[in-house]
Protein chains: 4
Amino acid sequence: MFADNGYHDALVDEISKRTSMSKGGLYFHFPSKENLFFAVMDRLANKLVRRAEKAVDKAESPLEAAEAALEAVLTALSKQKRLARLLITQGYSMGNAFETKRAEVFDRFAKIIRDQLDEAQITGQIKKIDTDLASRVWLGAVNEIVVHWLFSGGQTPNDAAPDLKALLMNSVQGDISVKSNKGGSQ
Amino acid sequence: MFADNGYHDALVDEISKRTSMSKGGLYFHFPSKENLFFAVMDRLANKLVRRAEKAVDKAESPLEAAEAALEAVLTALSKQKRLARLLITQGYSMGNAFETKRAEVFDRFAKIIRDQLDEAQITGQIKKIDTDLASRVWLGAVNEIVVHWLFSGGQTPNDAAPDLKALLMNSVQGDISVKSNKGGSQ
Amino acid sequence: MFADNGYHDALVDEISKRTSMSKGGLYFHFPSKENLFFAVMDRLANKLVRRAEKAVDKAESPLEAAEAALEAVLTALSKQKRLARLLITQGYSMGNAFETKRAEVFDRFAKIIRDQLDEAQITGQIKKIDTDLASRVWLGAVNEIVVHWLFSGGQTPNDAAPDLKALLMNSVQGDISVKSNKGGSQ
Amino acid sequence: MFADNGYHDALVDEISKRTSMSKGGLYFHFPSKENLFFAVMDRLANKLVRRAEKAVDKAESPLEAAEAALEAVLTALSKQKRLARLLITQGYSMGNAFETKRAEVFDRFAKIIRDQLDEAQITGQIKKIDTDLASRVWLGAVNEIVVHWLFSGGQTPNDAAPDLKALLMNSVQGDISVKSNKGGSQ
DNA sequence: CATGAATGAGCATTCATTCAT
DNA sequence: GATGAATGAATGCTCATTCAT
C-alpha cells in the first residue's frame, strides 16, 4: 500500500484491513505509522542489498562485481514495480523526516559500488577517480532510469541495462588523460 | 514555503499570510493548491531552463554546450538550496499527481542535453550511443548529487562539478582533450 | 454539555452538532477543546462574580455584604444546576491542567469574601481572624453544600442558605478569646 | 498512579507494569479499572476513617472528639499528598460514575463529625443547630483547605489546623471556655 | 476582485478489555 | 490462575476549499 499510494495516502485503517490485523495490533508492534513504513523499507532494502552483495561475491573482478551489483538491482526493480516505487519515491510524501532514511538506504547501495570501484582502482582496472562521487553518479543514473520507467512508462530498467552499464563503465574507465593526449578516445 | 516544508506541509493558510494575499484571492488566481504549486514550479523551472539554454547558446561545440548546460544548472542549484529542494524533492509529498509534473520538468532538461549529445554524435565528437538514455544518466547523476548535498550535507553540486563533468563526459566517451586546447569550459 | 457530561465526555463532535456550528468553525474560534471549556467557564464565572459584586455593592455593612454575596451565589447556583456542575466538578475530568483554572476561579470568589471580612475587621464588626483562611472556609462550605445537593440530591443550596449563613457568620464572629483561658485547644 | 495522574490518565498498562502484575492478572482480581479505583479508594478511606474514629475514641467530650477527628484527618492528609489527591480530586476524571463513590466516602466522614456534634448538642456543649449541615460545612472547609494546598501550594492543612479549628468551632457556636468552665453553654 | 469565517470529510493514535494459550 | 498479544470503538484536531458579503 505504501508503494501504491505513497506514505501519506496509505491509510492505517486500510493497512489494518488489508493485513487482517487490527489497528491496535499494528500499533502494538509498531509505535507509529512512520515506524511501520521504515520497517517495511528496511526489510525490502535489506533484501535488495543482499541480492547485490551476492552478485558481488560471485563476480571475478571488482569491475565485474560492480556491474553485477548494478544488474542485480536493475533486474529486481524491473520485476517488482512496487519495490521500486517504495524505495525510490513513495517515502517523500512523509515529509522531511524521510530524508534521513532515504540517505541511509542509498548510502548502503553507494557503499557497495564504491567498495568495488575502490578495489578496481587499487588493482588498476580503472583510473584514479573520486569513487564516492562515481558511486553516486551510478546510483543517480539507476534512480533516474527507474523513475522514468515508473512515471513515464519508458523501457524497463532491465531493458536499459546493457546500454546503461556501458555508459557507467565508461564513466569510470574513460581515459581522461586523453584530455591532454589527444589520442583516440577508445 | 513549498521548498521549505514540502507540498503537503505548506499550508494554504500560511501561504496566504506570508504573501499578504487573502485565501480567497489566492483561490481566485489559482484553482487549487496543486495548481499553485505547479505554477511556482513552472516559473522556477522556466528560469532554470532558460539559464541552461543560454549556456548552450554561448558554447562553441555541442559537447561544450552540454557541459555548459550542466554547469549552469549545478551552479544555480548550489546557490539556491530552496530552488533545488523545490524542483527535486518537495513535490513528491503531493502524492501520485506529482509524477506527471516531475516527468515534464525533467524531460525539458533531458531534451537540452540530449539535443547536444545528438549533435555531438552527428559531428562525431562522441561515438554512437543511446543519447536519450545518456541524457537521463546525466540528469540522474545531477539529481543524486544535489539530493546528497541537500539531505546529507555533502559537497555542493558546484564543488562536485569538475569531477562530475569528467565522469559524465567519459560516460559518453567524449574526447575531452578538445577542451584542453581552449582551457577550462567556463 | 460540559456541565452534563463532564469535560472528558463532552465530545467535540457532539458540541458541534448541538451548537449548529461546524467542527472547523469551533476550532476557528477556539484553539482547542480545553480552551473552549475555559472560555465557557470564564464567561459563567464572570456572570456569577458580577452578581456577587452587585450584591456586595448594595449591602450597607461589610458583613452584610459578605452575607449578600454568599446568598447571591447560592441562589444562582440553586437555579442553575448546570452552572453549578460546570463550575464545581465537571472540569476535573480534564486532568491536571484544570487545577490552575479551578484555583483562579475560586480565588476570585475568595477575594470578594475576604475583602469584606477585612473591611469588617477594620470596622470592628468581627474579631481579628485570618480572613484568607476564613474566606476559604466559606467557599469550601458552599462548595460542599452544592456538591452534596448535586450528587446526593439533598436540599438546594438556597434552602440551606439561612442555616449556612448563620454557621458561617458565627465562624467569624464567635468569641474566640474564650479559648485563651486555657491556651490552645490541643 | 491514580493519585498522581488522575483516574483517566492512570493507564491500566502502566499500572500493570508498576505492580508487576500482568494485565490479565489485574482483570482476574478486579472486574474493571473503575472497580480497581474504588478498591484503592475504599482501602485508603477506611484507613483514614479508622484514624478519625480512633481520635474520637480517645477524646473526652464530643466537641473535643470532633476537633480531634478533624485534626487527625488534617494531619494524615498533610503527610500524604497523594492520599489527599486521591480522595479529594483525582476521581472526578472518571466521569459521572465517581459522584456516588465520592458521596459515599464523604458521608462516612460527615457522619463521624455529625455524631459528635449531635452528642455535643445533647450534652449542651453547643446550641441547637443543623448538625448535618454543620458537618458538611466542616468537611467542605477541610476539603477546600486541602485543595488550595494541593493546587496553589498554600500552607499545609496541618499548619492551617489551629485557626481552622477555631473558625469551625465558632461556627457551631461552641463556647469553648465550657471545656474548663463547665457552666451553661449559652 | 477581495475577504476570511465557516465547512466537514478525513486520520493517526489511544486504551480498556478480552481470551487463547 | 496468569499471561500479554490482539481488538476496535472512540476522538481531538487539520486543512483544502467555498461563498456570502
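Per chain, numbering begins at 1; letters A, B, ... match sequence-line order.
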ask   = Are the side chain of A:Lys17 and the backbone of A:Val12 linked by a donor-acceptor contact shorter than 3.5 Å?
value = no
ask   = How close or far is atom P of F:dA6 from atom CG of A:Leu26, stated in whole angstroms?
value = 10 Å
ask   = Is there a donor-acceptor contact under 3.5 Å linking the side chains of C:Asn96 and D:Gln90?
value = yes
Backbone N/O of D:Gly95 and side chain of C:Ser93: donor-acceptor pair under 3.5 Å = no
query = Within this structure, what is the NZ-to-P distance between A:Lys17 and F:dG8, rounded to whole angstrom?
reply = 12 Å
ask   = Can you give the dot-bracket line for DNA chain E, using ( ) for pairs inside the strand, [ ] for pairs that cross earlier ones, | for pairs with another strand and . for unpaired bases, where Watson-Crick and G-U count if both distances are under 3.5 Å?
value = .||||||||||||||||||||
ask   = With no hydrogens and no angle check, is any side-chain donor or acceptor of D:Tyr7 less than 3.5 Å from a backbone partner on D:Glu34?
value = yes
task = Would you confirm whether B:Asn46, through its side chain, and B:Asp42, through its main-chain N or O, come within 3.5 Å as a donor-acceptor pair?
result = yes
task = Write down the atom of B:Ala39, the atom of B:Phe30, and the distance for their closest heavy-atom approach.
result = CB-CE2, 3.7 Å
task = Determine yes or no for a side-chain-to-main-chain donor-acceptor pair under 3.5 angstrom, with C:Thr19 supplying the side chain and C:Ser16 the backbone.
result = yes
key: DNA chain F-proximal residues of residues 93-100 of chain D, any heavy atom under 4.0 Å   = none
Cation-pi, B:Phe106 ring and B:Arg108 (6.0 angstrom, 45 degrees) = no
key: Contact nearer the 5' end of DNA chain E, comparing B:Ser22 with C:His29   = B:Ser22
query = Less than 4.0 Å between a side-chain N and a carboxylate O, is that true for A:Asp4 and A:Arg85?
reply = no
ask   = Are C:Arg102 and D:Glu144 ion-paired here, with the side-chain N under 4.0 Å from a carboxylate O?
value = yes
ask   = Whole-Å distance between F:dT11 P and C:Leu36 CG?
value = 16 Å
C:Phe28 CZ - F:dG12 C1' separation (whole Å) = 19 Å
query = Rounded to the Å, how far apart are B:Phe37 CZ and F:dA16 P?
reply = 14 Å
key: Protein-to-nucleotide contact annotation, 5' to 3' order, nucleotides 15-21 of chain E [B base; S sugar-phosphate only; - none; under 4.0 Å, heavy atom]   = BSBB---
Value in whole Å for how far the P atom of E:dT13 lies from CD of A:Glu14 = 17 Å
inquiry  = Distance check needed: F:dG8 P versus A:Ile15 CD1, whole Å only.
reply    = 17 Å
task = Look at the rings of B:Tyr92 and A:Phe151 and say which category their plane angle falls in: under 30° parallel, 30 to 60° tilted, over 60° perpendicular.
result = tilted
